[in-house]
*Asks:* 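The structure under discussion is supplied below as structure tokens; questions concerning it will follow.
Scope of the values below: all heavy atoms of this structure, side chains included, with no hydrogens, waters or symmetry mates. Numbers restart at 1 for each chain; the letters A, B, ... are given by sequence-line order, proteins then strands. In this text, all values refer to a predicted model and were calculated from it rather than measured experimentally.
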Protein chains: 2
Amino acid sequence: MGHGHGKGPGQWCHGKFRGCGYRMTTGREAVLDVLSQANEHLSAEDIYMKIHPVYPAIGLTSIYRTLDILVNIGLIHKFDFGHGRARYELTEGPKGKRHHHHLVCTGCGRVIDYTDFIDEEVALLKKTEEGLSKKYNFRIDNHLIQFYGLCDACNRS
Amino acid sequence: MGHGHGKGPGQWCHGKFRGCGYRMTTGREAVLDVLSQANEHLSAEDIYMKIHPVYPAIGLTSIYRTLDILVNIGLIHKFDFGHGRARYELTEGPKGKRHHHHLVCTGCGRVIDYTDFIDEEVALLKKTEEGLSKKYNFRIDNHLIQFYGLCDACNRS
DNA sequence: AAAGATAATGGAAACCATTTTCATTTAGGA
DNA sequence: TCCTAAATGAAAATGGTTTCCATTATCTTT
């Protein structure tokens with residue numbers, strides 16, 4: 001699984017876990033490892049599949065539990081692209097990708113990350129957030145932007 | 001259920017249905033009626049609950065089937081606010097509300113529709129869409145914007 | 001208006017991602 | 001090393017949504 005040999009992402013999150021009162025275990029480390037290695041949005045089962053060959057003792061249940069914690073801690077984001085299963089992705093961190101938004105193909109289900117226009121979008125979002133926060137007294141701490149349509153491949157057929 | 005007495009939304013969609021090869025039935029009309037009367041985002045069961053007292057013969061299954069068709073035809077939008085059930089809302093139409101985006105409270109689950117800043121947002125979105133369409137050859141026909149955070153009530157407690 | 005072809009329906013069962021239960025194991029402070 | 005609470009896996013439960021299938025209803029054709 002290409003463990004970082006010493007300074008993997010486990011190191012990075014050890015503190016985060018402990019700080020929140022959680023214990024660090026093999027399974028949790030494995031989940032973080034897989035997530036930081038991956039460049040796609042993984043489902044719980046995807047993660048299970050990658051971990052299983054290496055640590056057959058770790059069950060799907062624990063993975064769900066770990067993902068839940070990670071979402072609450074803020075280390076990962078949980079997405080729903082409308083395919084009946086949640087997908088998870090590391091929050092932008094030291095090794096994290098840049099903040100991005102999504103293009104979701106309604107034909108084949110493919111999800112494209114894009115960072116183009118992100119700056120303008122984020123600038124507008126910030127302004128919008130301020131306005132909305134004030135008007136509705138709503139403390140905003142996250143946003144979701146997705147475009148739906150047909151991808152290149154689906155357009156041709 | 002406050003049927004429109006003659007020129008309800010059923011009238012509006014009759015043609016749409018027929019044009020797509022679907023037959024108009026009591027159940028389908030009832031679903032459209034409920035959706036056009038409602039100002040909130042309804043789940044399949046919400047709709048069932050409203051229809052049942054009036055038309056006890058109509059089952060939940062049919063409602064799911066009708067909603068599916070309506071989504072495909074483009075008459076309604078399907079949303080997932082992360083509460084484990086889909087919610088449906090009439091697409092902006094003759095009687096439809098203005099296009100809007102959502103504020104989702106992660107505390108209590110409340111969803112607020114906002115139209116403030118919509119113009120600026122939509123303008124930017126249009127520009128972004130053009131760029132993305134070109135770059136990825138992606139035909140965009142919909143977008144989703146949601147802000148997550150804590151609502152006024154949840155902020156206080 | 002009646003008949004026929006085919007779409008639509010309801011109820012029950014199936015589905016399937018996610019959660020819960022519970023007895024057992026483990027991490028990490030004492 | 002011991003101890004206690006946290007974490008775990010396996011199996012069962014959950015709950016929204018779909019599928020199956022025999023029956024019914026719609027709409028076109030006479």
*Asks:* Please report whether the ring centroid of B/His77 lies less than 6.0 Å from that of B/His99.
*Replies:* no
*Asks:* Tell me whether the side-chain N or O atoms of A/Arg23 pair up with the base of C/dG29 as donor and acceptor below 3.5 Å, since no angle test is needed here.
*Replies:* no
*Asks:* Tell me whether A/Leu144 is reachable from A/Leu75 by hopping between hydrophobic residues (I, L, V, M, F, W, Y) whose side-chain heavy atoms are closer than 4.5 Å.
*Replies:* no
*Asks:* Out of B/Tyr114, B/Phe147, B/Tyr148, B/Phe79, which one pairs with B/His102 under the ring-ring contact (aromatic ring centres under 6.0 Å, His included) rule?
*Replies:*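 Of the listed options, the one satisfying the test is B/Phe79.
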*Asks:* In whole Å, what is the span from the CD atom of A/Glu29 to the P atom of C/dT26?
*Replies:* 16 Å
*Asks:* Would you call B/Asp33 and B/Lys50 a salt bridge, taking side-chain N to carboxylate O under 4.0 Å as the test?
*Replies:* no
*Asks:* Not counting sequence neighbours, which residues clear salt bridge (Lys or Arg N to Asp or Glu O under 4.0 Å) with B/Glu120? List them please.
*Replies:* A/Lys127
*Asks:* Please state how far atom CG in A/Leu60 lies from atom P in C/dT20, giving the value in whole angstrom units.
*Replies:* 14 Å
*Asks:* Please report the distance, rounded to the nearest Å, between CZ in A/Arg65 and P in C/dT21.
*Replies:* 12 Å
*Asks:* Between B/Leu67 (CG) and C/dA8 (C1'), how many Å, whole number?
*Replies:* 15 Å
*Asks:* If you pin B/Arg85 and B/Tyr22 to their nearest nucleotides in DNA chain D, which one's is more 5'?
*Replies:* B/Arg85
*Asks:* Quick one: label A/Thr61 by what it contacts on the DNA or RNA (base, sugar-phosphate, nothing), any heavy atom closer than 4.0 Å.
*Replies:* base
*Asks:* Closest to the B/Ile58 side chain: C/dT19, C/dA27, C/dG10?
*Replies:*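 Per side-chain heavy atoms of B/Ile58, the pick is C/dG10.
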*Asks:* Just the rounded figure in Å: distance from P of C/dT18 to CG of A/Leu42.
*Replies:*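 It works out to 13 Å between those atoms.
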*Asks:* OH of B/Tyr55 versus P of C/dG10: gap in Å, rounded?
*Replies:* 13 Å
*Asks:* Rounded to whole Å, how long is the line connecting atom CZ of A/Arg28 with atom P of C/dA27?
*Replies:* 11 Å
*Asks:* When the distance from CZ of B/Arg18 to C1' of C/dA8 is rounded to whole Å, what number comes out?
*Replies:* 14 Å
*Asks:* Grab the two heavy atoms, one from B/Arg139 and one from A/Asn155, that are nearest each other, plus how far apart they are.
*Replies:* N-ND2, 3.5 Å
*Asks:* At a heavy-atom distance below 4.0 Å, which nucleotide of DNA chain D is the first touched by chain A, and which is the last?
*Replies:*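 With heavy atoms of chain A under 4.0 Å away, the range is D/dA5 to D/dA11.
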*Asks:* Could you pick out which residue, B/Thr25 or B/Ser43, lies toward the 5' side of DNA chain D when each is mapped onto its nearest nucleotide?
*Replies:*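 That would be B/Ser43.
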*Asks:* Under the criterion side-chain contact (heavy atoms from CB on, under 4.5 Å), which of A/Ile76, A/Leu70, A/Leu42 is the partner of A/Tyr88?
*Replies:*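 Of the listed residues A/Ile76, A/Leu70, A/Leu42, the side-chain contact (heavy atoms from CB on, under 4.5 Å) partner of A/Tyr88 is A/Ile76.
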*Asks:* State whether A/Tyr64 places a side-chain N or O below 4.0 Å from either non-bridging phosphate oxygen (OP1 or OP2) of C/dT19.
*Replies:*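 No, because none of the side-chain N or O atoms of A/Tyr64 sits under 4.0 Å from OP1 or OP2 of C/dT19.
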